[in-house]
Amino acid sequence: MSKLQQIFKRRASEKQKDFHDLIPGSSDEELIRILKQRTYFIPEAAQLAVEEAIKRGIIHSEEDLLHEDYRVKELRFSWFPEPANDKIRLRLIKSLGRSLVFCGIFPLVYGLIKMNAGHQFEGALLALFALIWMSLASQLTRTFHKQIVFVMLAANAIGASYVFIRLISFNQSPLMDLFVAVVLFALITYALIYIYTIRNRV
């Protein structure tokens, strides 16, 4: 057996071990979700899920899979996909929240640069804005209040207005700068709406 074949065989066995460990450790809710999407899993994993469901009494036999409740649902594209379980939901929210905290570094650094350049008032406002933003984003990773999302969406709109006014005021502002700013603020808006959407579904 060649070295390449050994690598593929090892990877295949690792994947097999993964679902043999994960499926028996899944909650009933996760198991039902797998049954409803069983055609999208490799046959061995789907069969293991069926056997585990029978063992737990979720279904009595494979014939129960013909019931409407376990009919395979077509996976559809969604701008705000539903996380598979609560653990993934919380992990996703924390990841998005940390990204939003990171976004607050830019106005903070720019505010400090402005203050250093002699624009004390504008720089102080930018730094204060950044600190409030980072505090709200950090709060979202711990506890959810929809009011925080609305405040941050409003703050994002104010920040976008400030950046676009500053860029347009420069006579030779390249279009690439405007494009990058549009993409950045669009991603921030998307992250906030996504957090609100998946938190609201709980």
Side-chain angles (χ1 to χ4, degrees), residues 11 14-15 18 22 30 33 37 40-41 73-202:
R11 286 182 178 175
E14 285 172 356
K15 288 180 180 179
D18 282 345
L22 289 172
E30 292 168 339
R33 188 186 295 271
Q37 298 175 353
Y40 299 100
F41 290 81
K73 296 180 179 178
E74 182 182 350
L75 293 178
R76 296 180 180 178
F77 173 78
S78 173
W79 286 104
F80 306 103
E82 175 71 13
N85 53 58
D86 288 340
K87 186 184 292 185
I88 295 176
R89 184 193 308 275
L90 291 174
R91 192 182 303 165
L92 179 59
I93 289 170
K94 286 183 179 181
S95 178
L96 291 171
R98 284 192 293 267
S99 300
L100 291 172
V101 171
F102 180 77
C103 290
I105 295 174
F106 297 107
L108 178 61
V109 171
Y110 188 63
L112 293 175
I113 292 172
K114 277 285 187 182
M115 291 172 70
N116 191 52
H119 304 283
Q120 301 292 333
F121 182 71
E122 184 180 0
L125 283 179
L126 284 168
L128 180 62
F129 176 89
L131 292 173
I132 293 173
W133 175 273
M134 294 167 78
S135 175
L136 291 172
S138 178
Q139 181 91 9
L140 273 182
T141 64
R142 297 190 299 272
T143 56
F144 174 74
H145 297 287
K146 62 182 180 181
Q147 291 82 1
I148 295 178
V149 175
F150 295 147
V151 169
M152 291 187 72
L153 283 170
N156 186 49
I158 293 169
S161 301
Y162 172 82
V163 169
F164 292 136
I165 290 171
R166 295 291 297 179
L167 288 175
I168 293 170
S169 66
F170 297 133
N171 295 328
Q172 296 182 341
S173 180
L175 289 175
M176 183 55 68
D177 288 352
L178 289 169
F179 174 75
V180 170
V182 168
V183 170
L184 177 61
F185 286 107
L187 288 174
I188 291 172
T189 302
Y190 173 81
L192 287 167
I193 294 174
Y194 194 15
I195 289 174
Y196 176 80
T197 302
I198 58 180
R199 276 289 198 179
N200 227 28
R201 290 174 184 166
V202 178

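Excluded from the calculations below are hydrogen atoms, water molecules and symmetry mates; all remaining heavy atoms, backbone and side chain alike, are included.
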Nearest 0.5 Å, please: how far is [atom2] in [Y] from [atom1] in [X]?
{"X": "E122", "Y": "R166", "atom1": "CD", "atom2": "CZ", "result": "5.0 Å"}
{"X": "I148", "Y": "L136", "atom1": "CD1", "atom2": "CG", "result": "6.0 Å"}
{"X": "I193", "Y": "I198", "atom1": "CD1", "atom2": "CD1", "result": "12.5 Å"}
{"X": "L140", "Y": "L192", "atom1": "CG", "atom2": "CG", "result": "7.0 Å"}
{"X": "L153", "Y": "F150", "atom1": "CG", "atom2": "CZ", "result": "7.5 Å"}
{"X": "E30", "Y": "I88", "atom1": "CD", "atom2": "CD1", "result": "7.0 Å"}

Any luck finding a side-chain donor-acceptor pair between R142 and S138 under 3.5 Å?
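There is such a pair between these side chains.
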Donor-acceptor pair between Q139 and T143 side chains, under 3.5 angstrom
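Yes.
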Which atom of [X] lies closest to which atom of [Y], heavy atoms considered:
{"X": "K114", "Y": "G123", "answer": "CB-CA, 3.7 Å"}
{"X": "T141", "Y": "G97", "answer": "CG2-CA, 3.5 Å"}
{"X": "W133", "Y": "N156", "answer": "CZ3-N, 3.9 Å"}
{"X": "A181", "Y": "F164", "answer": "CB-CE2, 3.6 Å"}
{"X": "P107", "Y": "A130", "answer": "CG-CB, 3.8 Å"}

Side chain to side chain, F144 and I93, heavy atoms closer than 4.5 Å
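No, their side chains stay 4.5 Å or more apart.
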Would you say that M134 contacts I105 through its side chain, given a criterion of any heavy-atom pair below 4.5 Å between the two side chains?
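Contact flag for M134/I105 side chains = yes.
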Ignoring hydrogens and geometry, is there a side-chain-to-backbone donor-acceptor pair from T189 to F185 under 3.5 Å?
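At least one qualifying donor-acceptor pair exists.
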Are Y194 and Y190 close enough that their ring centres sit under 6.0 Å apart?
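For Y194 and Y190, the ring centres are under 6.0 Å apart.
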